[in-house]
Amino acid sequence: DTGSAAAIPVNPNYDIAYVTPVSIGTPPQTLHLDFDTGSSDLWVFSSHLPASQIRGQTIYVPANSSTAKLLADHTWSITYGDGSASRGNVYVDNFTVGGLTVENQAVQCALQVSTSFTRESNIDGLVGLGFSTLNTVVPKSQLTFFDNAKPHMDEPVFTADLKWKSEGTYDFGFIDEKKYTGKITYVPVNTSPGYWTFTSSGYAVGSGNFSATSIVGIADTGTSLVYLPPSILTAYYRQVEGATSSRTYGGYVFPCNSKLPSFTFGIGEARITIPSSYISYAPVTAGSSTCFGGLQSSSSLGINIWGDVALKAAFVVFHGGNPPTIGWAKK
Ligand SMILES: O=C(CNCCc1c[nH]c2ccccc12)Nc1scc(-c2ccccc2)c1C(=O)NCc1ccccc1
């Protein structure tokens, strides 16, 4: 089996996150979910939520699905690094993405979501595509959509072709040669943290020299920006007129009309360049002439994250073989 579905930016001006239409249950209920390689819970806004926590999201109503079954006495609770959180109970139901169906997929129904999720009216939930070891369901942890679908797939892979301010695709079970140029460079994945953790071979700022240095980080479709060690950030923003690290805004900001260099990172011998337009991320507040950078420091996170700002500069193959690997190509 294979599947292919759109990755749609939730906001027309800034790529805060991308959502993908999915069908759940019988008759099918269509929700738009954030496919997230940085976590492993599939959770949705549901009919169990208080109305005060719903602001325009589409909810999943298990009672309206003839194939929904409550997973008795199972609960879940997740907190992300940005402090956002959700928790609830668990059903199993049919789950379809771009023509690829998994029966008895664990669908975690939210009974409570934090304000940052309530505020995101275009995100109806998340589909975790990290390793199932990170799943938070107790007493028995559940498998991700990818782990459930893998045995039925033509190839045990999914690919991310995210785009800057436009619609991209997630493909499941096949690699679409038309979506990239040149060759795909595969590097090993360390699955023990539970994320798609790999080592980049170094970086360059603009047209400057490439600095060969190992950067251990995760490929994370669920995080908007790129978070890297402070030394790399200093090297980058030193080249940006008026850039400062702002306590007020919690990161590097600069005048929106400043000229930004591109940022290149290494995957083995290969090089992926993030255009400067991706790094001038967004005004700090609507209409401000101060912009927030798409590259930020990972010093307070304890982990380097290659989020959407980096992923949309490449065609990325998440290969779930034994052992898993991750492939990067230009496009
Ligand atoms: O959780 C994810 C991906 N799902 C995000 C879902 C989501 C959370 N609010 C959302 C809001 C809208 C849509 C999706 C989400 N990735 C990972 S792996 C390790 C960390 C981490 C661990 C410790 C400390 C920091 C990060 C994170 C993390 O917290 N990223 C978000 C972030 C990272 C940095 C700054 C802000 C946010």
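The analysis underlying the following values was restricted to heavy atoms, covering all of them including side chains, and did not include hydrogens, waters or symmetry mates. When a ligand or atom number is given, it counts from 1 through the structure's own listing order.
- Between the side chains of Asp41 and Thr136, at least one donor N or O lies within less than 3.5 Å of an accepting N or O.
- The cationic group of Arg271 does not satisfy the cation-pi geometry with Phe265, failing either the under 6.0 Å distance to the six-membered ring centre or the 45° limit from the ring axis.
- No N or O atom of Tyr195 sits closer than 3.5 Å to an N or O atom of ligand 1.
- At the shortest separation from atom 5 (C) of ligand 1 among protein heavy atoms lies Gly222 O, 3.4 Å.
- To the nearest 0.5 Å, atoms OG (Ser39) and CG (Leu134) are separated by 8.0 Å.
- Closest protein heavy atom to atom 13 (C) of ligand 1: Asp34 OD2, 3.5 Å.
- Every N/O-N/O distance between Ser39 and ligand 1 stays at or above 3.5 Å.
- Evaluation of the side chain to side chain donor-acceptor pair (under 3.5 Å) rule for Ser23 yields no partner, not counting sequence neighbours.
- Taking only non-hydrogen atoms, the option from Asp220, Leu129, Thr221 nearest to atom 16 (N) of ligand 1 is Asp220.
- In Ile123, the part holding a heavy atom less than 4.0 Å from any atom of ligand 1 is the side chain.
- More than 12 heavy-atom neighbours from other residues, nucleotides or ligands sit within 6.0 angstrom of NZ on Lys330.
- A salt bridge links Lys312 to Asp15: at least one charged side-chain nitrogen sits closer than 4.0 Å to a carboxylate oxygen.
- Checked by distance only, ligand 1 and Asp36 come closer than 3.5 Å through their nitrogen or oxygen atoms.
- Checking only distances, Thr223 does come within under 3.5 Å of ligand 1, N or O to N or O.
- Looking only at protein heavy atoms, the nearest one to atom 10 (C) of ligand 1 is Phe117 CE2, 3.7 Å.
- Residue contacts with ligand 1, taken as heavy atom pairs separated by less than 4.0 Å, involve Leu126 solely via side-chain atoms from C-beta onward.
- Under a cut-off of 6.0 angstrom, the local environment of CD in Glu241 is sparse, with at most 12 non-hydrogen atoms contributed by other residues, nucleotides or ligands.
- Against a heavy-atom cut-off of under 4.0 Å, Ile218 is close to the following atoms of ligand 1: 18 (S).
- Between Gly81 and ligand 1, an N or O atom pair is found at a separation short of 3.5 Å.
- Applying the side chain to side chain contact (heavy atoms under 4.5 Å, CB included) rule to Ser211 yields the partners Tyr203, Thr213; only residues at least two apart in sequence or on another chain are considered.
- The shortest N/O to N/O separation between Tyr80 and ligand 1 does not fall below 3.5 Å.
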